[in-house]
Number of protein chains: 2
Amino acid sequence: MSNKSQTKAKVLDAAELLFAEHGFAETSLREITARAEVNLASVNYHFGSKKSLIEAVFDRFMESFTNQLITEMAELDKNSEQVTVNQVLGTLVKPLIYIDEIRPNGSSVFMKLLGRAYAETQGHIRRFAMERYSHVLARFTRLLHKASPSLSPAEMFWRLHFMLGSFIFTLAGHEALQEISESDFNQAVTVEQIINRLIPFLSAGFDSNEAPAKIMSAGEA
Amino acid sequence: MSNKSQTKAKVLDAAELLFAEHGFAETSLREITARAEVNLASVNYHFGSKKSLIEAVFDRFMESFTNQLITEMAELDKNSEQVTVNQVLGTLVKPLIYIDEIRPNGSSVFMKLLGRAYAETQGHIRRFAMERYSHVLARFTRLLHKASPSLSPAEMFWRLHFMLGSFIFTLAGHEALQEISESDFNQAVTVEQIINRLIPFLSAGFDSNEAPAKIMSAGEA
DNA sequence: CCAAAAGTTAAACACTTGTTTGAAACATAC
DNA sequence: GTATGTTTCAAACAAGTGTTTAACTTTTGG
């Protein structure tokens with residue numbers, strides 16, 4: 001039970017970077033242990049299997065993130081009788097930015113992992129995360145309902161996932177987007193700036209009271 | 001040069017299903033050739049490599065999709081002097097739905113592939129697709145500008161990618177979402193219905209004229 | 001201080017991967 | 001019909017995979 005052993009942490013550090021950069025299946029334990037400068041067998045010793053390592057990497061981010069998010073949501077809950085969608089989405093900002101303070105480019109790595117986890121085989125990570133953090137999502141949903149009580153649960157559900165898609169997709173690929181933004185518009189942007197652009201966009205979509213209707217294609221009357 | 005040989009098509013058919021279901025790296029050529037009922041070596045014979053096979057699978061969808069999309073955009077362009085964002089986004093509907101007529105669950109498979117391609121190692125498919133179909137994206141962007149000329153190019157760029165994220169993310173994971181929708185709200189939904197819910201959501205976001213501003217967190221004044 | 005537990009290590013294991021090979025089967029053209 | 005080019009096939013290949021083993025070192029608690 002020595003906590004002096006840093007090899008577990010070293011493996012996690014190396015794994016999260018490589019997983020984010022190259023994906024789960026495309027990253028071998030040998031690459032991870034080489035980068036971490038530990039023995040190959042230590043992954044199986046400390047984590048049991050590669051699959052468990054993936055979950056552990058994921059979990060380390062989620063725990064930090066959800067803890068902060070819960071704090072933010074609680075604060076919003078008690079400070080404001082009435083809340084706006086903008087405010088609810090705003091609770092995501094601090095927890096995300098905070099990750100950048102914990103480790104370099106943290107929010108970027110986290111979102112890349114989320115994006116990859118999402119596309120993962122059979123969605124086994126998604127299931128794992130949903131089980132483990134469903135209460136956080138439930139609370140977030142409750143806040144959204146408070147902000148927009150007229151929305152039906154079904155409409156709410158879909159719009160929530162529309163927003164999730166934008167969030168993960170944008171932040172997971174933000175590096176490429178940042179490059180384009182710089183070269184095409186001479187505008188360097190930070191992750192925080194992207195989020196601050198994204199939230200009004202999503203708020204407007206979420207607040208829209210347009211009913212889902214058939215979209216006319218160009219040819220029809 | 002016999003075109004009677006169907007093995008190329010059989011490989012493509014098997015590959016696109018397995019790639020969509022399990023991912024690129026997680027699908028072996030042996031699984032593909034077994035399902036296609038062709039010899040293992042035929043993949044390398046007809047496509048050269050697994051990487052080229054992935055591109056070929058992707059390309060078959062993209063060609064059908066972009067061709068239809070160009071038609072839709074051209075029609076909108078000549079029929080309407082002034083266009084709305086809703087209409088521009090509407091040009092995506094038919095090309096997507098049409099894929100379902102070509103093969104069973106086509107749009108679903110296509111979107112799953114898109115989702116996976118997006119998260120792909122080093123984004124080599126994304127690069128490949130951007131090179132090959134950049135003119136289609138350019139035309140789509142031009143239409144969006146026509147619908148919303150006051151938007152700065154940079155703002156436009158970001159909102160376009162916000163929409164892309166929602167689209168791909170939602171449709172790539174639509175099966176899981178459909179399941180939840182059915183069990184939680186007793187509402188069976190089709191891909192088309194999802195799109196018709198998504199487009200007004202995105203239109204509202206895109207049309208929003210709110211400037212990107214600092215989002216207040218719950219604690220601040 | 002020393003036995004037991006925890007951690008590390010190099011080597012091997014069993015298996016799967018994409019790709020190549022060279023012969024066989026087939027098609028086409030002269 | 002034979003020659004030519006194309007396609008299929010079973011088999012093998014080299015390389016890489018996650019995991020296990022058993023010997024070794026280090027840390028820990030009595």
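Throughout, a chain's letter reflects where its sequence line sits, starting with A, and its residues are numbered from 1.
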Could you tell me whether A:S28 contacts a base, only the sugar-phosphate backbone, or nothing, with contacts defined as non-hydrogen atoms closer than 4.0 Å? sugar-phosphate
Rounded to the nearest Å, what distance is computed from the CD1 atom of residue A:I32 to the P atom of nucleotide D:dT17? 11 Å
Taking atom C1' of C:dA6 as reference, at what distance in whole Å does atom CG of A:N44 sit? 17 Å
Taking OP1 and OP2 of D:dT8, is either one under 4.0 Å from a side-chain nitrogen or oxygen of B:T7? yes
DNA chain D: A:E31 or A:G48, which has the more 5' nearest nucleotide? A:E31
To the nearest angstrom, the NZ-P distance between B:K8 and D:dT7 comes to 9 Å
Aromatic ring proximity, centroids under 6.0 angstrom, A:F201 and B:F162: yes
Using a 3.5 Å distance criterion without hydrogens, assess whether the side chain of B:R116 forms a donor-acceptor pair with backbone atoms of B:E21. yes
I need the CZ-P distance between A:F47 and C:dT8, as an integer number of Å. 11 Å
Interatomic distance where CG belongs to B:L29 and C1' belongs to C:dG18 [whole Å]: 6 Å
What does A:T27 touch in the nucleic acid at a heavy-atom separation under 4.0 angstrom: a base, only the sugar-phosphate, or nothing? sugar-phosphate
Could you give the CG-to-C1' distance, from B:L40 to C:dT20, as a whole number of Å? 10 Å
Taking only side-chain nitrogens and oxygens of A:H46, does any of them come within less than 4.0 Å of OP1 or OP2 of C:dT8? yes
N or O in side chain of A:N39 less than 4.0 angstrom from C:dA10 OP1/OP2: yes
Report yes or no: does A:S181 contribute a side-chain atom to a donor-acceptor pair with the main-chain N or O of A:L177 at less than 3.5 Å? no
Candidates D:dT19, C:dT8, C:dT20 - which lies nearest the side chain of A:Y45: C:dT8
Closest of D:dA11, D:dG18, D:dT21 to the A:A41 side chain is D:dT21
At less than 3.5 Å, do the side-chain atoms of A:R30 and the base atoms of D:dG16 form a donor-acceptor pair? no
In this structure, how many angstroms lie between the P atom of D:dA15 and the CD atom of A:E26, rounded? 22 Å
Verdict with reasoning, A:R103 to A:D13, per salt bridge (charged side-chain N to carboxylate O under 4.0 Å, His left out): CA-CA 10 Å; A:R103 52 180 142 283; A:D13 288 344; 5.0 Å; no
Would you mind reading off the distance between B:K51 atom NZ and C:dT17 atom C1', rounded to a whole angstrom? 17 Å
Ring geometry between A:F110 and A:F61 (parallel below 30°, tilted from 30 to 60°, perpendicular above 60°): parallel
